[in-house]
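Structure first, commentary second.
Below, chains carry the letters A, B, ... as their sequence lines are ordered, and counting in each starts from 1.
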There are 2 protein chains.
Amino acid sequence: MTLPRIGVTVGDPAGIGPEIIIKAFSRPERLPAAEYRIYAPRSVLETEEKALGIAPARGRAVFAEGREGRVSLVPGEEPRAPFSKGAPSAEGGRLSFLYFKEAVEDAGKDRLESVVTAPISKAAWSSAGVEWRGHTEYLDNLYPGAIMTFWSERLKVALFSHHLPLREALDLVREKHLYDFFIRLRKGFRSAGLADAEFLLAGLNPHAGEGGVLGGEELSEILPAVRRARREGMILSDPFPPDVVFRMALDRPKTVAVALHHDQGLIAFKLLAFETGVNATLGLPFVRTSPDHGTAFDIAGRNAADPASLVEALRLAVRLTAASL
Amino acid sequence: MTLPRIGVTVGDPAGIGPEIIIKAFSRPERLPAAEYRIYAPRSVLETEEKALGIAPARGRAVFAEGREGRVSLVPGEEPRAPFSKGAPSAEGGRLSFLYFKEAVEDAGKDRLESVVTAPISKAAWSSAGVEWRGHTEYLDNLYPGAIMTFWSERLKVALFSHHLPLREALDLVREKHLYDFFIRLRKGFRSAGLADAEFLLAGLNPHAGEGGVLGGEELSEILPAVRRARREGMILSDPFPPDVVFRMALDRPKTVAVALHHDQGLIAFKLLAFETGVNATLGLPFVRTSPDHGTAFDIAGRNAADPASLVEALRLAVRLTAASL
């Protein structure tokens with residue numbers, strides 16, 4: 001069986017990205033077998049290795065299932081200017097964008113099945129003149145219709161909309177947009193090997209509108225879209241009260257809670273899966289996952305970062321790409 | 001020291017209200033000392049006592065702190081028509097409204113410091129022709145500006161708005177309304193004995209608007225209201241990202257998370273405190289608390305109901321009224 005090829009991007013070199021990558025790959029026996037390619041400047045990794053006194057596995061290694069896989073470096077441009085650990089800088093922004101872009105391009109050319117992204121700094125991207133706010137916006141622009149999903153042991157959440165003012169998010173709750181989203185959602189989970197996923201839908205209004213008394217969108221927009229998607233065989237519920245649906249979805253491996261806007265889903269997810277959750281973007285020609293934390297500039301360079309969420313992101317990337325090989 | 005007088009209303013007689021009341025008062029040693037007055041039809045309680053084979057304490061009893069208090073019945077109208085356990089009916093609606101109204105009137109006349117309400121059925125109230133949707137709407141009409149709060153061991157939440165369509169809830173997010181609410185909120189907690197409460201505020205938009213990029217209300221409406229309230233000495237934070245603020249408020253006894261709409265607060269609260277949470281209405285001339293569950297018609301009459309949440313509601317009622325005695 002072919003091993004999945006997983007690109008791992010360094011993230012902001014001044015953040016905890018290099019540290020958690022080195023820590024994760026210094027113990028490959030915790031990871032599933034794959035062909036891992038680390039997209040990072042050689043000097044950044046080597047400096048970090050010295051500081052930490054450990055090094056990632058290089059070349060062939062034995063992974064969790066006792067199978068062999070490979071860890072290699074995909075080096076590229078070196079830093080042009082010095083940058084300080086623990087602070088956003090234009091140079092950190094430039095490098096983190098460059099390596100991310102390269103991995104995404106390689107994945108677009110079928111050289112990778114998956115891209116796992118260590119955290120970048122939006123402030124650094126902005127000061128480097130990068131025109132996208134972050135990973136998600138870049139991917140959204142390249143592949144419109146990408147879907148943000150959040151994975152943890154107890155709960156999986158998919159978002160209908162994400163980085164929008166709440167008022168604009170409400171304006172998107174229209175039958176047509178919802179129906180298109182449901183179809184993409186099902187396709188995204190299917191191509192990630194979860195053809196039998198069942199989707200529990202949150203309503204928009206308190207008590208899911210309570211028959212129209214507390215808001216009309218459930219009856220006028222959401223239910224018609226749900227019925228159309230169900231006619232195509234999708235396992236999708238009627239809209240449930242938002243303060244009930246996430247609890248209903250707990251501990252059900254095949255169930256995905258579908259949130260109609262960013263905070264509906266993320267309030268629930270972050271309460272349950274702080275620091276071990278994983279973010280996966282579906283609906284791309286490849287799978288992208290990332291840990292559920294930021295650059296953590298405040299602890300960068302202190303050997304205090306925990307690679308647990310990155311390890312989960314690597315595991316999920318392998319799991320979701322296995323289906324397509 | 002005077003004991004607080006706590007009215008306990010029966011709720012829908014066809015639901016689990018009578019059962020959890022009897023179970024709670026059959027073991028007064030779990031409750032704080034108070035003068036408890038149960039507002040319920042005598043026949044309903046007696047029928048339930050026989051079915052359960054237990055009876056509530058009557059007259060003087062010894063409570064948790066080893067102090068004496070009293071449990072008495074405030075009987076009133078008996079059922080005019082038969083009703084079936086486990087189903088909403090007009091008669092159940094009529095009776096549950098009647099006893100609730102009487103307790104609220106007694107509290108308004110300073111005969112009670114607090115009212116603890118067992119769950120009613122909105123469907124039953126509606127079929128009895130009651131013009132209010134539920135307890136909260138009745139109290140809101142009588143005492144405009146009442147504040148819904150939710151209490152559990154790990155998290156306390158206050159809601160800026162509650163039973164409104166989300167779109168209308170957004171329209172309320174205006175400096176003037178927010179400022180008025182903050183002042184009432186502080187006053188409500190102060191009169192409940194929590195003068196030193198600190199309030200952690202949720203923003204409205206993803207990432208609390210991220211400096212205006214993801215929504216403008218934080219800068220144009222919320223921050224100006226926050227600053228005004230702080231100038232009056234209120235301990236109130238800037239708006240935090242909604243998916244972060246509830247986690248920040250966990251396990252901090254003096255901290256209250258303030259949600260700007262119903263589901264923002266209740267998604268968090270219900271995930272953390274399912275079945276043991278308590279609802280308290282502040283800003284009334286008395287304190288009202290209630291268990292965080294409904295009539296549970298599906299298990300009514302089976303001796304399967306757990307009085308834990310009612311016990312918590314009784315404890316909180318005593319705790320919040322102790323300050324005013």
Side-chain angles (χ1 to χ4, degrees), chain A residues 122-123 126 133-134 137 150 154-155 157 159 161-171 173 202-218 241-250 257 259-275 277 292, chain B residues 122-123 126 133-134 137 150 154-155 157 159 161-171 173 202-218 241-250 257 259-275 277 292:
Chain A
K122 284 170 183 169
S126 164
R133 288 184 54 250
E137 287 71 19
F150 295 83
R154 302 196 63 195
L155 180 65
V157 172
L159 301 186
S161 71
H162 41 93
H163 292 132
L164 284 179
L166 185 52
R167 208 170 271 282
E168 289 179 32
L170 294 198
D171 291 339
V173 177
L204 184 68
N205 294 294
H207 308 186
E210 205 165 308
V213 185
L214 297 181
E217 290 90 344
E218 281 78 6
D243 59 353
V244 169
V245 71
F246 299 100
R247 182 153 199 105
M248 291 171 65
L250 286 186
L260 292 186
H261 58 84
H262 180 276
D263 288 323
Q264 213 182 43
L266 288 185
I267 287 172
F269 189 80
K270 292 206 175 171
L271 271 178
L272 284 167
F274 192 64
E275 284 178 346
D292 189 28
Chain B
K122 285 170 183 169
S126 164
R133 288 185 56 250
E137 287 72 17
F150 296 83
R154 303 196 63 196
L155 180 66
V157 173
L159 301 186
S161 71
H162 40 94
H163 292 132
L164 285 178
L166 185 52
R167 209 171 270 281
E168 289 179 32
L170 293 198
D171 291 339
V173 178
L204 183 68
N205 294 295
H207 308 185
E210 206 166 306
V213 185
L214 296 182
E217 290 90 345
E218 281 78 6
D243 59 353
V244 170
V245 72
F246 299 100
R247 181 156 199 103
M248 290 170 66
L250 285 185
L260 292 186
H261 59 84
H262 181 275
D263 287 323
Q264 212 182 43
L266 287 185
I267 288 172
F269 189 80
K270 292 206 175 172
L271 271 177
L272 283 168
F274 193 63
E275 284 176 347
D292 188 30

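Within the model, atoms NZ of B/Lys122 and NE2 of A/His207 stand 5.0 Å from one another, a figure rounded to the nearest 0.5 Å. Separation of atoms CG (B/Leu272) and CG (A/Leu271) is listed at 5.0 Å; rounding is to 0.5 Å.
Neither the backbone nor the side chain of A/Glu168 has a heavy atom closer than 4.5 Å to any heavy atom of chain B. Looking at B/His163, the atoms closer than 4.5 Å to chain A (heavy atoms on both sides) sit in the backbone and in the side chain alike.
Evaluation of the ring pair (Phe, Tyr, Trp, His ring centres under 6.0 Å) rule for B/His261 yields no partner, not counting sequence neighbours. Partners of A/Glu137 under the salt bridge (charged side-chain N to carboxylate O under 4.0 Å, His left out) rule, at least two apart in sequence or in another chain, are A/Arg133.
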Just do the side chain to side chain contact (heavy atoms under 4.5 Å, CB included) check on A/Leu214 and B/Leu164 with the steps written out, would you? CA-CA 5 Å; A/Leu214 297 181; B/Leu164 285 178; 6.0 Å; no
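What you find for A/His262 and B/Pro206 is that their closest heavy atoms are ND1-CB, 3.6 Å. A/Lys270 and B/Asp243 make their closest contact through NZ-OD2, 3.3 Å (heavy atoms, listed as atom of the first residue, atom of the second, distance).
Annotation: maximal heavy-atom pairing with chain A below 4.5 Å, among B/Pro242, B/Pro241, B/Ala202, occurs at B/Pro242. Comparing A/Asn205, A/Asp263, A/Val245 by heavy-atom pairs within less than 4.5 Å of chain B, the highest count is held by A/Asp263. Ranked by heavy-atom pairs under 4.5 Å with chain A, the first of B/His162, B/Arg247, B/Glu210, B/Gln264 is B/Arg247. Taking chain A as the reference chain and counting heavy-atom pairs below 4.5 Å, the highest number among B/Gly215, B/Gly216, B/Ala169, B/Gly265 is found for B/Gly215.
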